[in-house]
Amino acid sequence: MQALDEDRLALLFQALSGAYGKQDWWPGNTAFEICIGAILVQNTSWANAARAIERIRRRDLMQPGALLDLEPASLEDLLRPAGCYRQKARRVSVFCRWWLDARLPSQAPDPDTGALRAVLLSLHGIGPETADCILLYAFGRAVFVVDAYTRRLLSRLGLAQVPPGRRAYESLRTHVESLIGPQPAYLGELHALIVEHGKQVCRARPLCERCQLRTQCPY
DNA sequence: ACCCAGGGTCATA
DNA sequence: TATGACCATGGG
């Protein structure tokens, strides 16, 4: 296992960037919509999450107050294409409530990223990866998002092992953040590129361990 | 007829 | 701390 240092990270970014070009994430017009997207895409393809987002937008409901005014059953039905729609309806409601309560007009200067992250994590249905996506793409904080694609890629490249559990997650996240520094745009591109690469078909020879074990290659 | 997807919560041990 | 069940739709 080689060390994940600045040079290797820069090489990785360069390779992915050259292969896939500029990603310009996160898809979404407003910070609020990005947050909703981050919840809806949990363990779901973006295509399905996007369907639910479109249904919200077409009805002009992409605002916390409008979503909260819906009957629970209506909200669930609205989110159906995203899968896990009952859970997600509840999570969206909780987030909207927080948005209206804590994030409305007059608020003290933005809290530091750590404090904001802790608040997000305290919300039901917001775990580390969703919180970090929101911090990075909706709030512009310099956060590195560790998701399934990131674990697979770094593991496959022999740059990092990220066993399940919050400890290892935090360790890798802070490590990469310290390597890159306060550059939200760079971190945003990096994560987007990793995901884009993850969607591509694995052309490695020989096939990596995971690919050999699966009918559908996740790379 | 599976397997998978840009996770998270909850119950167990 | 760390597994496993569960959620649920749409595409391969």
Side-chain angles (χ1 to χ4, degrees), chain A residues 16 20 23-28 33-56 72-96 98 117-139 143-156 161-173 176 184 187-203 207-219:
Chain A
L16 293 174
Y20 304 110
Q23 301 299 306
D24 207 25
W25 267 26
W26 181 293
E33 184 177 320
I34 290 171
C35 297
I36 297 304
I39 293 172
L40 294 183
V41 80
Q42 288 170 354
N43 200 38
T44 301
S45 66
W46 176 254
N48 279 2
R51 282 188 183 97
I53 291 174
E54 255 314 291
R55 300 185 70 180
I56 298 174
S74 302
L75 182 57
E76 289 177 1
D77 187 66
L78 200 56
L79 304 184
R80 186 177 294 267
C84 306
Y85 55 88
R86 290 193 198 98
Q87 292 184 347
K88 286 175 181 176
R90 181 178 168 205
R91 294 173 186 188
V92 164
S93 291
V94 167
F95 184 82
C96 289
W98 170 76
R117 188 168 194 273
V119 173
L120 287 171
L121 287 176
S122 76
L123 300 180
H124 178 30
I126 308 255
E129 303 178 25
T130 307
D132 289 337
C133 282
I134 290 173
L135 286 170
L136 175 59
Y137 293 108
F139 298 153
V143 167
F144 179 62
V145 179
V146 180
D147 68 344
Y149 286 137
T150 309
R151 298 177 195 223
R152 288 173 195 167
L153 181 59
L154 294 183
S155 157
R156 181 186 177 204
Q161 298 165 344
V162 192
R166 215 158 269 200
R167 255 262 43 102
Y169 180 100
E170 298 298 318
S171 175
L172 176 60
R173 179 178 69 81
V176 172
L187 286 159
E189 274 301 294
L190 177 59
H191 175 64
L193 285 166
I194 290 173
V195 172
E196 188 53 36
H197 176 70
K199 292 180 182 172
Q200 306 298 318
V201 175
C202 177
R203 298 190 180 86
L207 292 178
C208 64
E209 188 176 314
R210 292 191 82 98
C211 294
Q212 291 170 344
L213 294 176
R214 291 162 190 268
T215 57
Q216 237 179 329
C217 174
Y219 301 109

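Just so we're on the same page: letters track the sequence lines, and every chain starts at 1. All values derive from a computational prediction rather than experimental measurement.
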- prompt: Could you give the distance from CZ (R152(A)) to OG1 (T150(A)), rounded to the nearest 0.5 Å?
  reply: 10.0 Å
Which part of the nucleic acid, if any, lies within contact of [X], taking any heavy atom under 4.0 Å across all strands shown: a base, the sugar-phosphate backbone alone, or nothing?
| X | result |
| --- | --- |
| Q87(A) | base |
| L40(A) | nothing |
| G127(A) | sugar-phosphate |
| G125(A) | sugar-phosphate |

Can you tell me the distance, in whole Å, between the [atom1] atom of [X] and the [atom2] atom of [N]?
| X | N | atom1 | atom2 | value |
| --- | --- | --- | --- | --- |
| D147(A) | dA5(B) | CG | P | 11 Å |
| N43(A) | dA5(C) | CG | C1' | 13 Å |
| D77(A) | dA8(C) | CG | P | 13 Å |
| R166(A) | dG7(B) | CZ | P | 14 Å |
| H197(A) | dA5(B) | NE2 | P | 14 Å |
| L121(A) | dG8(B) | CG | P | 9 Å |
| I126(A) | dG7(B) | CD1 | P | 14 Å |
| R51(A) | dA8(C) | CZ | P | 18 Å |

Among [options], which nucleotide has an atom closest to any side-chain atom of [X]?
| X | options | value |
| --- | --- | --- |
| N48(A) | dG11(C), dG8(B), dT9(C) | dT9(C) |
| H124(A) | dT9(B), dG8(B), dC7(C) | dT9(B) |
| Q42(A) | dT9(C), dA5(B), dG8(B) | dG8(B) |
| P128(A) | dA8(C), dG8(B), dG10(C) | dG8(B) |

task: With P as the reference atom in both, quote the distance from dC3(B) to dC6(C) in angstrom, rounded to an integer.
output: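 About 16 Å, rounded to a whole number of Å.
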Output yes when at least one side-chain N/O atom of [X] is less than 4.0 Å from OP1 or OP2 of [N], else no.
| X | N | value |
| --- | --- | --- |
| R152(A) | dC4(B) | no |
| R80(A) | dT9(C) | yes |
| S45(A) | dC4(B) | no |
| R86(A) | dA8(C) | yes |
| R151(A) | dG7(B) | no |

task: Inspect the contact between E170(A) and R173(A) and indicate whether a charged nitrogen and a carboxylate oxygen are less than 4.0 angstrom apart.
output: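 E170(A) and R173(A): salt-bridged.
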field: Greater than 12 external heavy atoms within 6.0 Å of Q161(A)'s CD
entry: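 No, not enclosed.
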field: Contact nearer the 5' end of DNA chain C, comparing T44(A) with A47(A)
entry: T44(A)
- line: Applied to residues 87-96 of chain A, the salt bridge (Lys or Arg N to Asp or Glu O under 4.0 Å) test, sequence neighbours excluded, yields none
query: When you match V195(A) and R90(A) each to their closest nucleotide on DNA chain B, which lands nearer the 5' end?
result: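 This one resolves to V195(A).
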Parallel, tilted or perpendicular: rings of H191(A) and W25(A) (30°, 60°): perpendicular
query: Distance only, no hydrogens: is a donor on one side chain within 3.5 Å (strictly under) of an acceptor on the other, for S74(A) and D77(A)?
result: no
Watson-Crick or G-U wobble mate for dG10(C), both contacts under 3.5 Å: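 dC4(B) - that is the nucleotide pairing with dG10(C), both distances being under 3.5 Å.
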